[in-house]
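Shown next, in structure tokens, is the structure this report addresses.
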There are 2 protein chains.
Amino acid sequence: MADVISAQDNGKAPGDHPLSEQETVALIELMFFAYRDFVSDPDEILGQYGFGRAHHRVLHFVGRDPGMTVQQLLDILQITKQSLGRVLKELIDKDYVFQKEGEADRRQRLLYLTESGEELRQRLMGPQMNRIRRAVALPDGSAAHLYRKVLYHMVSPANREAVRDWIDRASLLGEPKDGG
Amino acid sequence: MADVISAQDNGKAPGDHPLSEQETVALIELMFFAYRDFVSDPDEILGQYGFGRAHHRVLHFVGRDPGMTVQQLLDILQITKQSLGRVLKELIDKDYVFQKEGEADRRQRLLYLTESGEELRQRLMGPQMNRIRRAVALPDGSAAHLYRKVLYHMVSPANREAVRDWIDRASLLGEPKDGG
DNA sequence: GAAATTACGTCAGCCATGTTGACATATTTA
DNA sequence: TAAATATGTCAACATGGCTGACGTAATTTC
């Protein structure tokens, strides 16, 4: 039986590529499933605070680099200042983030987390750290094999059977080009 | 100089965890950056068609398993039928997807891609396949080391310097608990 | 064969978070 | 002094999630 974790090239000829088409597609799909579950734990916590993913990102990066400028944050998040403004305002109003005028440049509003902000940030990070550590704590394997394993273990255990079923099933389908 | 690709544990004591806190946080952030860039290529193509990520997912999974039921698609995407209905209707109206009455169960509306649908799906998948293959085509390394390498190479080359700078800088900051 | 369940569609409205464009203000730099 | 920079804000719009409600056709169950 096909195994979502193993990386056998039982699909098309690899040509001069390191991975067969089927293997590569499986990794694309694992990227989707893994990311979906990766953000699911923080999402749930955020809901209790009336926040969303955008708030999480701000909390995380400000906590990582206290005193960063608004522009630096914009560069990292790659969103518009209007989008940032909305969530930043909420975080400031609810006292998770505060701003300080820059000393060297008084136009700047340097960003910091309050105690509550740092607490929440840690709370949000916990499940993701656990998930990463569990996923990475794996023996052996070559690059693709290992990457696949890691992504698979990023999926929530409750979803792994469904994901494994899908990947196995899809592998058997062999990338059909038409339907009907 | 710190290296975003190497996985030295120069941070806190790992305790009984396989990864230091800093290493784990770096992987969390790489997950964010990698996924952001991973979906950027298809996003751009989708824009030309007036579609979004939701359309991409439907195209992808229907193309992978032609003849799947609406319910199966919902189970994979884990969204509501109302959300799916919106994008599915557009894909059908614009002739990228069509439905066929189930033979065994005539309540079912089995999903298939049209020729245009399969073409678009392939076009969307191309850049992601390339990105995965480039990222996975790496020598050596243990699990965490390799996973980090892979995720780093999932980031667009144009963004790698910024991501590397961030990760390096953040590593030096050493997870401060307060700001102010 | 009637009743319940299933598969699907749809209408209406709400929310989060992205976008563009325009404009204001304070501060720093040239 | 003029120009550029850092930031904030208002308004409008798009995407894609969500809930709740309702309808229809087909299948399954009692």
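Quick note on labels: first sequence line is chain A, next is B, and so on, each numbered from 1. If you're wondering where the values come from, they're calculated on a predicted model, not measured in any experiment.
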Which residues share a side chain to side chain donor-acceptor pair (under 3.5 Å) with B:Ser116, sequence neighbours left out: none
Heavy-atom check, side chain of A:Thr69 versus side chain of A:Leu111, under 4.5 Å: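 Sidechains of A:Leu111 and A:Thr69: no contact.
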Can you measure [X] atom [atom1] to [N] atom [atom2] for me and round it to whole angstrom units?
| X | N | atom1 | atom2 | result |
| --- | --- | --- | --- | --- |
| B:Leu88 | D:dG17 | CG | C1' | 16 Å |
| B:Arg53 | D:dG17 | CZ | P | 10 Å |
| A:Gln71 | D:dG8 | CD | P | 11 Å |
| B:Phe51 | D:dT15 | CZ | P | 11 Å |
| A:Leu77 | D:dT7 | CG | P | 13 Å |
| A:Arg107 | D:dT5 | CZ | C1' | 4 Å |
| B:Leu74 | D:dC18 | CG | C1' | 14 Å |
| B:Leu73 | D:dG16 | CG | P | 14 Å |

Atom pair CG/CZ of B:Leu46 and B:Arg123 - distance to nearest 0.5 Å: 9.5 Å
Separation of B:Gln22 CD from B:Leu27 CG (nearest 0.5 Å): 12.0 Å
Bounds of contact between DNA chain C and chain A, in 5' to 3' order, using a heavy-atom cut-off under 4.0 Å: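 The contacted stretch runs from C:dT17 to C:dT28.
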D:dC18 phosphate, OP1 or OP2, under 4.0 Å from B:Thr80 side-chain N/O: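 So the side chain of B:Thr80 is within the cut-off, an N or O lying under 4.0 Å from OP1 or OP2 of D:dC18.
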base_contact_polar (D:dG20 base, B:Gln82 side chain, donor-acceptor, <3.5 Å): yes
Under-3.5 Å donor-acceptor pair between A:Lys81 side chain and D:dG8 base: yes
Proximal nucleotide (of D:dG8, D:dT9, D:dA6) relative to the A:Gln108 side chain: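 That would be D:dA6.
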Salt bridge flag under 4.0 Å for residues B:Arg107 and B:Glu101: no
B:Phe33-B:Phe38 aromatic ring centre distance below 6.0 Å: no
Base, sugar-phosphate or nothing for [X]? Non-hydrogen atoms, less than 4.0 Å.
| X | answer |
| --- | --- |
| A:Glu90 | nothing |
| A:Gly85 | nothing |
| A:Gln72 | nothing |
| A:His55 | sugar-phosphate |
| A:Arg86 | base |

Cation-aromatic face contact B:Lys100/B:Tyr112, 6.0 Å, 45 degrees: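 Judged by the rule, B:Lys100 and B:Tyr112 form a cation-pi pair.
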Donor + acceptor pair across side chains of B:Tyr96, B:Arg121 (<3.5 Å):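 Absent: no donor and acceptor within the cut-off.
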5′-ward residue of the pair A:Arg106/A:Ile79 relative to DNA chain C: A:Ile79
